[in-house]
Asker: 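Got a structure here, written out as structure tokens. Questions coming.
Whatever order the structure lists ligands and atoms in, that order sets their numbers, starting from 1. The shown structure was predicted, so the numbers you read here are calculated from the model rather than taken from an experiment.
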Amino acid sequence: MSALVLVLNAGSSSLKYQLLDADSGTVSASGVVERIGEPDAKAVARHTVSGEATTRDVDAPDHHAAMRVVLDAFATDGPPLRPQDLYAVGHRVVHGGDLFRSPAIVDDAVIDAIEDLVPLAPLHNPGNLAGIRAARAAFPTTPQVAVFDTAFHQTLPPHAFTYAVPREWRERHRVRRYGFHGTSHAYVSRRLATLLGRDVSETNVVVLHLGNGASAAAVAGGACIDTSMGLSPLEGLVMGTRPGDLDPALPSHLAREGVPIEDYDRALNAGSGLRGLTGTNDFREVERLVEAGDPDAALALDIVTYRIAKYVGSYAVALGRLDGIAFTAGIGEHSPRLRAEVLARLGMLGIRVDPDRNSGGPAERVVTSDDSAVPAWVVPTNEELEIARQTLAVLR
Ligand code: AMP
């Protein structure tokens, strides 16, 4: 039986997909439909087969229509996507709350549970659900599996996930730390153990997922024991457009100053982080500004690297022994400068960067010198492959 899995990542206005063999990791096609449901603009579909991309303007007023666009792209540009050849559809779902510790085979009860979690992820779970509904309609007899961004962090101990807030908030409003990017942290932490030549169950690592969204995870023997995102993906590291850690007094202070809650939400999700500090959330542009002597960009880089280093230091303490650090996602994989500055701040842990090894792009490699007390690696993430593998594992 083939292990062909269609991986779907549905956002509020986009539908990303990848068709891959979960055993071999071979990708046969990928693509995205963007601007779904936008009243003023045509949707755009891009479908890529063997490195050749085809882009079209399409009508996609909702996710069902976007799913039909995807099926048309397979029918027109290949490869053939016949339901009988498909082992399963794997869905990325952002928030599984404390209900899902592992992937779930989608049925009506699972859909209701994801719906019930919308208040905890109002920006993400509705889009994920729209994708699931569209795929169930398109492939009614193919098993569908939901893979949750939060699931890998369900092993956090209570002292790491509990906020010191009133009991009523914790119990009635489900206020606790959940963590996100779990699929990436799971894949990269396992991969790093393999690259270190060690058994996962005996390896303690810190994974730094540094993309437009960014989070750190402390993983002990394959189980996550702490992570930097919390109730929402706003907590923790400084990100492209989100601030990371803040004083909890900020919302009430701004409310008293007359800032409406909607402006507050928008500013913290879309106008903070690198963008708030420099005007852009594109890290390449921030690096160019630093090179050009821009003081705001230089300060932003200091804030970002200082925050990351603080987390690594605290996670080294939490883990008790640190066997490796992984840099992953857009910035972590591509920016030697970011890696060098973070690692330089970790000198007291005996960490020494090797400038030659650290230079260059996203290939898997060690970037520290042989005498570094802890090795740091670039480990490109592969969330689609991880979703496909988890989908297969739960069905097999
Ligand atoms: P992601 O969310 O994982 O796609 O990462 C997006 C972030 O990675 C953006 O801030 C990009 O500017 C950054 N990025 C992508 N390529 C590079 C590069 N070559 N050098 C520095 N940053 C990069």
Asker: Should Leu338 be listed as contacting ligand 1, given a heavy-atom distance under 4.0 Å as the test?
Answerer: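 Leu338 does not count as a contact of ligand 1 under the 4.0 Å cut-off.
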Asker: Determine if the distance from atom 4 (O) of ligand 1 to the closest protein heavy atom is below 4.0 Å.
Answerer: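 Protein heavy atoms within 4.0 Å of atom 4 (O) of ligand 1 - there are none.
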Asker: Test your reading of the structure: does Ser335 have an N or O sitting under 3.5 Å from an N or O of ligand 1?
Answerer: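 Such a contact does not occur with ligand 1.
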Asker: I need the atoms of ligand 1 closer than 4.0 Å to a non-hydrogen atom of Ile331, numbered in the order shown.
Answerer: 7 (C), 8 (O), 10 (O), 13 (C)
Asker: Hey, does Gly330 come in under 3.5 Å of ligand 1, counting only N/O atoms on both sides?
Answerer: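 So ligand 1 has an N or O lying under 3.5 Å from an N or O of Gly330.
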Asker: Which one holds for Glu285 and ligand 1: side chain close, backbone close, both close, or neither close, with close meaning a heavy atom under 4.0 Å?
Answerer: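 For Glu285, no heavy atom sits under 4.0 Å from ligand 1.
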Asker: Provide, to 0.1 Å, the distance between atom 10 (O) of ligand 1 and the closest protein heavy atom, together with that atom's residue and name.
Answerer: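 Checked against all protein heavy atoms, atom 10 (O) of ligand 1 sits closest to Phe283 N, 3.1 Å.
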Asker: Tell me yes or no: between the side chains of His95 and Thr150, is some donor less than 3.5 Å from an acceptor?
Answerer: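 Per modelled atom types, His95 and Thr150 side chains form no pair under 3.5 Å.
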Asker: Below 4.0 Å, non-hydrogen atoms only: which portion of Asn281 touches ligand 1? Side chain, backbone, both or neither.
Answerer: backbone
Asker: Any idea which atoms of ligand 1 are less than 4.0 Å away from a heavy-atom of His334?
Answerer: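 With His334 as reference, the close atoms of ligand 1 come out as 16 (N), 17 (C), 18 (C), 19 (N), 20 (N).
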Asker: Less than 6.0 angstrom separating the ring centers of His124 and Phe180, yes or no?
Answerer: no
Asker: What are the atoms of ligand 1, with element, lying closer than 4.0 Å to any heavy atom of Gly211?
Answerer: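 It comes down to these atoms of ligand 1: 1 (P), 2 (O), 3 (O), 5 (O).
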Asker: Begin with the C-alpha distance, continue with both residues' side-chain angles, and end with the deciding distance and a verdict on side chain to side chain donor-acceptor pair (under 3.5 Å) for Ser215 and His181.
Answerer: CA-CA 7 Å; Ser215 66; His181 290 144; 2.8 Å; yes
Asker: Side chains of Thr162 and Arg176 only: does a donor on one sit below 3.5 Å from an acceptor on the other?
Answerer: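 There is no such pair (donor and acceptor under 3.5 Å, judged by atom type) between the side chains of Thr162 and Arg176.
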Asker: Before signing off on this row, confirm whether Gly213 and ligand 1 have an N or O atom pair separated by under 3.5 Å.
Answerer: no
Asker: Would you indicate which of Asn212, Asp282, Thr241, Val286 comes nearest to atom 1 (P) of ligand 1 when only heavy atoms are counted?
Answerer: Asn212
Asker: What class does the angle between the rings of Phe100 and Phe148 fall in, given that below 30° is parallel, 30 to 60° is tilted and above 60° is perpendicular?
Answerer: parallel
Asker: Examine the side chains of Glu235 and Tyr178 and answer whether a donor and an acceptor come within less than 3.5 Å of each other.
Answerer: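 Short answer, no.
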Asker: Val145 and Val89: side-chain contact (heavy atoms from CB on, under 4.5 Å), yes or no, with the steps?
Answerer: CA-CA 6 Å; Val145 173; Val89 182; over 6 Å; no
Asker: Of the choices Glu333, Arg337, Glu383, Arg284, which has the non-hydrogen atom that lies closest to atom 23 (C) of ligand 1?
Answerer: Arg284
Asker: Can you find a side-chain donor-acceptor pair between Ser201 and Asp199 that sits under 3.5 Å?
Answerer: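 Checked: Ser201/Asp199 side chains pair up, N/O donor to acceptor below 3.5 Å.
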Asker: Is the shortest side-chain N to carboxylate O distance from Arg191 to Glu364 below 4.0 Å?
Answerer: yes
